[in-house]
Amino acid sequence: MKALVGRVCSAVDPLRVGVLVSGSGSNLQALLDRQAGSLYRVVVVVANVAGAFALTRAKDAGVAAVVEGHQGITREAHEARVQVHLEQHQVELLVLGGYMRVLSPWLVGQWRRRIVNVHPALLPSFPGMHAAKQALDHGCRVAGCTVHLVDDGVDTGPILSQAAVPIHDHDDEASLQRRIQNEEHRLLPQVVEAYAAGKVVDVEGRVRCCALS
Ligand code: GAR
C-alpha cells in the first residue's frame, strides 16, 4: 500500500511552510531564495531567541517574523504560543531550520509527519549537538547532512534525503560545518519541494521521499 504524506500542491495553491529558528537562519534563506516559482511558500518564521538573524532574513523577504521566547515558562506553555502563530498562518508543513530546542511529544503529535528537520550529520550517526565535531573526533572520512521527518526522538524519524561531504585532512569543525551547510542549503529546499509535489509517501508503513536518494 502506498499513501501520500501531505498533499499535492500547485504554484497557485502552494504548500504553506512555517519555519522555527534559533540562530542565523541560513537554511531559512535557502528556502526563501528558491521559493519563487516553487510549490511552497514560507508564510511565518518563529524564533525562540530575540536576536536571531533569521528574523532579519524573514523580514527582508516580507515574511511574518515572530519571537516567542521560552524563558520563565514551561515547554508546554511556550509551544502552545508557537502553535497559535502556526495556526494563524495556516501552516501545513513545519521546518526546523536550526531550532535548538527539543519538541515535546505534544507538539510533535500536532504535526505528525508534517515536521521536517535538517541535521548536520549522516543520521543515525551523530544526533544531537556538535555533529561535525563528533564526526571529526571519530576520524570519519565522510560526514554529511540529513533531512528527516521529526518523531518523538532526538534527530530520529524517517530519513527523507541525505548528502555526503568528504572530510579532508586539514578540516576543522568550522571548515567542515561550512561544507555541510552548503549541502543542507541544496537539500532542504529540494525536500520541501518534493513534499509539496506529493513525492513523500508511506509505503507499507515506511516513509520515503521518492524523488531523491
Ligand atoms: C544547521 O547546520 C542545522 O543542520 C543545525 O543547525 C544549523 C543551523 O544553521 N541543526 C541542528 O544541529 C539540529 N539538530 P542556520 O541557522 O544557519 O540554518
Side-chain angles (χ1 to χ4, degrees), residues 17-35 40 42 44-61 63 65-70 75 79 82 93-104 107-108 111 115-138 140 142-167 171-193 209 212:
V17 174
V19 185
L20 301 189
V21 294
S22 299
S24 155
S26 66
N27 280 287
L28 165 67
Q29 190 67 56
L31 286 172
L32 293 170
D33 289 347
R34 287 166 185 76
Q35 72 175 359
Y40 70 85
V42 178
V44 65
V45 172
V46 184
N48 65 325
V49 177
F53 185 62
L55 293 163
T56 304
R57 297 183 193 267
K59 285 178 199 152
D60 286 352
V63 173
V66 186
V67 180
E68 276 301 348
H70 59 262
R75 187 177 302 273
E79 290 182 348
V82 170
L93 179 71
L94 189 54
V95 173
L96 307 184
Y99 188 63
M100 295 309 179
R101 265 173 83 77
V102 175
L103 302 184
S104 75
L107 195 65
V108 173
W111 292 89
I115 317 178
V116 164
N117 182 41
V118 56
H119 182 75
L122 293 173
L123 293 171
S125 294
F126 312 133
M129 303 292 284
H130 304 294
K133 181 170 186 308
Q134 291 187 61
L136 285 171
D137 289 349
H138 276 78
C140 297
V142 179
C145 57
T146 302
V147 178
H148 66 97
L149 287 180
V150 173
D151 66 7
D152 289 328
V154 175
D155 298 324
T156 55
I159 290 171
L160 300 177
S161 190
Q162 293 184 304
V165 173
I167 296 179
D171 266 328
D172 58 17
E173 187 179 358
S175 64
L176 180 57
Q177 184 70 40
R178 250 192 319 276
R179 291 207 317 287
I180 291 173
Q181 281 206 326
N182 287 341
E183 288 302 306
E184 292 181 351
H185 301 161
R186 187 181 61 78
L187 209 60
L188 180 62
Q190 273 185 3
V191 171
V192 173
E193 181 74 357
C209 184
L212 304 166

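Heavy atoms only: backbone and side chains are in, while hydrogens, waters and symmetry mates are out. Index from 1, following the sequence. All ligand and atom numbering here is 1-based and tracks the order in the structure. Here the structure is a predicted model, which means the values were calculated and not measured.
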Check your understanding: Does the Arg101 side chain pair with the main chain of Ser22, one donor and one acceptor, at a distance under 3.5 Å?
Key -> no
Review point. Can you name the residues that form a ring pair (Phe, Tyr, Trp, His ring centres under 6.0 Å) with Tyr40, not counting sequence neighbours?
Key: none
**Study point:** side-chain contact (heavy atoms from CB on, under 4.5 Å) between Leu103 and Leu96, worked out
**Key:** CA-CA 10 Å; Leu103 302 184; Leu96 307 184; 4.1 Å; yes
Practice item. Look at atom 14 (N) of ligand 1 and say which protein heavy atom is nearest, naming residue and atom and giving the distance to 0.1 Å. Key: His119 ND1, 3.0 Å
Study note, to complete from the structure: Nearest non-hydrogen protein atom to atom 17 (O) of ligand 1, with distance, is Ser26 OG, 2.5 Å
Practice item. Return yes when Gln177 approaches ligand 1 closer than 4.0 angstrom through a heavy atom, no otherwise. Key: yes
Point to revise | Contacts of Glu183 that satisfy salt bridge (Lys or Arg N to Asp or Glu O under 4.0 Å) - sequence neighbours left out | key: Arg186
Exercise for review: Return a yes/no value for Glu184: is any of its N or O atoms, backbone included, closer than 3.5 angstrom to an N or O of ligand 1?
Suggested key: yes
Study note, to complete from the structure: min-distance protein heavy atom vs atom 16 (O) of ligand 1 -> Gly25 N, 2.8 Å
Review point. Using a heavy-atom cut-off of under 4.0 Å, does the side chain or the backbone of Asp155 touch ligand 1, or both, or neither?
Key: side chain
Exercise for review: Say whether Gly23, considering both its backbone and side-chain N or O atoms, lies within less than 3.5 Å of an N or O atom on ligand 1.
Suggested key: no
Review point. How far apart are the closest heavy atoms of Asp151 and Val108, and which atoms are they?
Key: C-CG1, 3.8 Å
Check your understanding: Does the side chain of Ser24 pick up a donor-acceptor pair with the side chain of Arg57 at under 3.5 Å?
Key -> yes
**Study point:** Heavy-atom nearest option to atom 11 (C) of ligand 1, drawn from Ser22, Pro120, Cys145
**Key:** Pro120
Point to revise | Taking atom 7 (C) of ligand 1 as the reference point, the nearest protein heavy atom with its distance | key: Gln181 NE2, 3.7 Å
Revision key, fill the gap. If we number the atoms of ligand 1 from 1 as shown, the ones under 4.0 Å from a heavy atom of Gly98 are 6 (O), 8 (C)
Review point. Given Leu136 and Lys133, is the side-chain contact (heavy atoms from CB on, under 4.5 Å) satisfied, shown in steps?
Key: CA-CA 5 Å; Leu136 285 171; Lys133 181 170 186 308; 5.5 Å; no
Study note, to complete from the structure: Under 4.0 Å from one or more heavy atoms of Met100, ligand 1 contributes atoms 5 (C), 6 (O), 10 (N), 11 (C), 12 (O)
Practice item. Answer yes or no: is there a donor N or O on one side and an acceptor on the other, between the side chain of His148 and the main chain of Gln162, under 3.5 Å? Key: no
